[in-house]
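Comments concern the structure below.
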Amino acid sequence: MKPFYVTTPIYYVNDRPHIGTAYSTIAADVLTRYQRLRGRQARFLTGLDEHGLKIARAAEAQGLTPQEFTDKMQLPFREAWQTLNCQPDDFIRTTEPRHKERAQALWKRIAERGDIYLGEYEDWYCVGCETFYTEKDLLPGNICPQHQRPVERIKESSYFFRLSKYTQPLLDFYEKHPDFVKPAARFNEVKSFVREGLRDLSVSRTSFRWGIPVPGDPQHVMYVWFDALSNYLSALGGPEEPGQAPLFDNYWPPSGEAMHIVGKDILRFHAVYWPAFLLSAGLEAPTQIWAHGWLTVNGQKMSKSLGNFLHPEPLAEVFGVDVLRYYLMRDMAFGQDGDFSHANLMARLNGELANGLGNLLNRVLASVVQKSFAGRIPVPAPSTRTSEDDLLQSEALRCATAAAEQLDHVAPQRALEAIWELVGAANRYVDRTEPWALAKRGETERLSQVVYSVLEVVRMLGVMISPFMPSKAEELRHQLGLDPLMATVSHDLWPSVWGGLPGGTLTRPGKPLFPRLDKDEERAALARLGITPDATTPASSDQQPAKPKAEKPKEKSKVSETAATENDGTITYEDFAKVELRVAEVLTAERVPKSDKLLQLSVNAGEAAPRQIIAGIAQHYAPEALVGKRIIIVANLKPRKLMGLLSQGMVLAASDDQGLCVTTVAGDVKPGSIVK
RNA sequence: GCCGAUGUAGCUCAGCCGGUUAGAGCGGGCGUUUCAUACGCGCUAGGUCGGAGGUUCGAGUCCUCCCAUCGGCACCA
């Protein structure tokens with residue numbers, strides 16, 4: 001079996017860890033622990049992205065050097081992973097010398113292939129910031145977000161990577177590696193993106209200094225993705241010639257299997273740019289890229305404006321680290337979007353962990369074993385086995401196999417499902433065999449068998465949950481009187497044979513493994529997190545507040561559609577000379593979802609009903625800034641649908657290379673007035 | 001607008017290559033045990049399988065169209 005190498009994204013050091021970053025890090029940790037358990041060599045990398053202008057700025061704002069700043073900002077990440085019991089083998093920071101050096105080595109390799117050339121990069125530039133901005137980053141009206149001043153269109157010298165050259169090679173590569181990107185639907189998106197053709201990629205900047213100097217041209221620093229992506233290699237000491245970097249030789253393909261866990265937002269960089277860089281450098285691409293989805297919180301999107309970023313530490317403190325890990329792995333389908341719901345977490349804690357597994361251990365260990373066997377695990381006689389034991393045993397092995405299969409396919413939620421089938425089977429077994437009745441009747445021989453069977457299953461469960469809940473797994477083993485699990489290479493510990501539990505072992509019954517939360521405790525837990533109970537989304541709730549958003553535009557278009565039928569004399573664009581211009585007052589304005597440029601306006605043009613106009617000015621005007629304005633519209637333009645929304649008319653605007661201004665009237669004129 | 005995915009019991013979801021009475025978990029209801037963390041176990045819920053056509057002896061399961069939701073791309077008034 002090839003060594004296993006798993007990575008999380010390197011997180012942007014400017015932020016703090018939140019439930020989303022915790023999710024990918026925990027997933028990587030679970031996979032690593034699982035592979036080790038199976039006797040496979042495994043390495044887990046996480047780290048931080050510490051370069052870029054934003055960092056330099058933030059540092060400056062605090063009166064620190066960028067290095068001092070990132071040295072400080074890295075701590076919450078290290079602490080968070082420690083708190084969450086995630087144990088990466090390496091933690092790379094892009095500001096480390098080892099990274100800079102290897103990133104430059106990768107650059108050189110690619111440059112030697114002739115795939116990097118000097119060109120010009122053009123974008124919006126703010127003199128005040130000495131920075132380029134993409135149109136998306138600008139405030140309406142092409143205003144610099146920092147200085148509130150207009151930006152200029154400017155070119156700077158930049159190195160480019162010949163990405164265009166790799167369009168076909170990438171498509172060929174995808175063809176040969178049908179599992180390169182997971183889930184498959186995401187892979188399709190990647191492919192169709194590449195199929196449309198790739199443009200060369202700007203990979204350096206001269207407008208800021210906080211980055212890795214380009215080899216041979218220190219005026220330039222590497223642009224973020226070149227720098228960032230190379231961390232996966234640099235942390236292994238690569239790229240390097242064979243024999244020079246043992247980790248690289250061992251873990252990177254073809255000798256190892258490398259899996260990148262990424263969020264769906266950065267999939268393109270990993271699935272397109274990264275393999276292209278590697279192809280160019282004559283290196284192997286990673287084995288697989290797993291794009292996981294986004295987490296909402298109690299049905300709501302996490303966003304800066306809502307200020308509802310969920311941080312993992314308080315959750316771990318209130319519910320327990322392992323419970324949080326379990327919940328995240330159990331409730332979210334890996335690769336799909338999921339919802340973090342406090343109510344669901346507590347439901348799973350009580351139902352599956354406390355009542356299901358915790359109580360299973362307790363109901364046998366705390367009573368029967370103590371009373372009938374003086375706290376020792378009994379040694380059953382084979383003759384006392386019945387079909388119930390056969391059934392339980394085969395269930396145990398079946399579930400163990402199923403769970404392993406699911407984990408091999410990176411489906412932690414399904415693996416846990418399979419494991420909990422065994423929890424159910426074990427509880428049923430106890431009910432059917434009634435150990436308490438056997439004890440009463442003094443049938444000690446049979447009781448030995450029953451107790452042993454249950455505890456053997458519990459032992460197996462302890463092994464299987466250990467990647468997910470390492471501490472609880474140890475606690476469970478401790479209560480069974482077993483030593484901590486020690487994973488070693490080439491030694492598969494996953495349950496595959498019955499009877500691993502040594503009879504005669506002195507057990508150590510303790511507190512319930514997973515204390516149950518009663519209603520009051522649930523309320524208290526939520527209170528400690530500053531959450532009101534009705535803010536959570538119980539699994540059974542159907543009152544999700546996602547609807548009004550979708551309904552609004554619908555109502556509007558209905559209204560304006562009727563207005564349209566009354567409005568005859570429509571003309572086409574070619575008949576522009578016949579244009580009918582009117583003054584209209586903007587009643588409402590909002591962005592068209594999923595569109596960068598379109599605004600949906602509702603205007604009063606002096607008619608019975610307001611009309612809807614879709615205007616391509618979103619990059620120049622904030623919706624709020626338009627409300628109340630008297631603008632001039634083309635009132636009799638033939639209605640047309642834009643992104644599914646009916647536009648009845650056109651907003652007149654003047655534009656030059658500095659930006660765009662909607663036309664308005666100088667005086668106070670009634671809406672609907674004709675403009676001549 | 002183009003491309004893709006999804007739409008199955010109150011909730012979350014399984015249902016492979018079309019085939020007997022459409023499933024699981026949770027929640028709800030009923031019952032039951034008493035070893036256990038008032039835990040467990042059993043039974044139950046009568047869901048137009050988004051809608052309409054079609055192919056077929058037979059369709060959640062294939063085809064067409066429509067609707068809704070979500071993504072990717074595109075962006076024009």
- Message: With a cut-off of less than 4.0 Å, is there a side-chain N or O of A:R516 near OP1 or OP2 of B:C39?
- Response: yes
- In whole Å, what is the span from the CG atom of A:N427 to the P atom of B:G25? 14 Å
- Message: Rounding to an integer number of Å, can you tell me how far A:N362 CG sits from B:U34 C1'?
- Response: 14 Å
- Task: Mind calculating the distance between CD (A:Q336) and C1' (B:U12) to the nearest angstrom?
- Result: 11 Å
- Message: What is the distance, to the nearest angstrom, from the CZ atom on A:R268 to the C1' atom on B:A74?
- Response: 12 Å
- Task: Inspect the contact between A:D518 and A:R523 and indicate whether a charged nitrogen and a carboxylate oxygen are less than 4.0 angstrom apart.
- Result: no
- Query: To the nearest Å, how far apart are A:I419 CD1 and B:A24 P?
  - Reply: 22 Å
- Query: Does B:G27 sit syn or anti, given that only angles within 90° of 0 count as syn?
  - Reply: anti
- Between CG of A:N355 and P of B:A38 the distance, given in whole Å, is 9 Å
- Task: State whether A:N188 places a side-chain N or O below 4.0 Å from either non-bridging phosphate oxygen (OP1 or OP2) of B:G4.
- Result: no
- Message: Salt bridge or not between A:R428 and A:D431? Use side-chain N to carboxylate O under 4.0 Å.
- Response: no
- Whole-Å distance separating the NZ atom of A:K191 from the P atom of B:A5: 12 Å
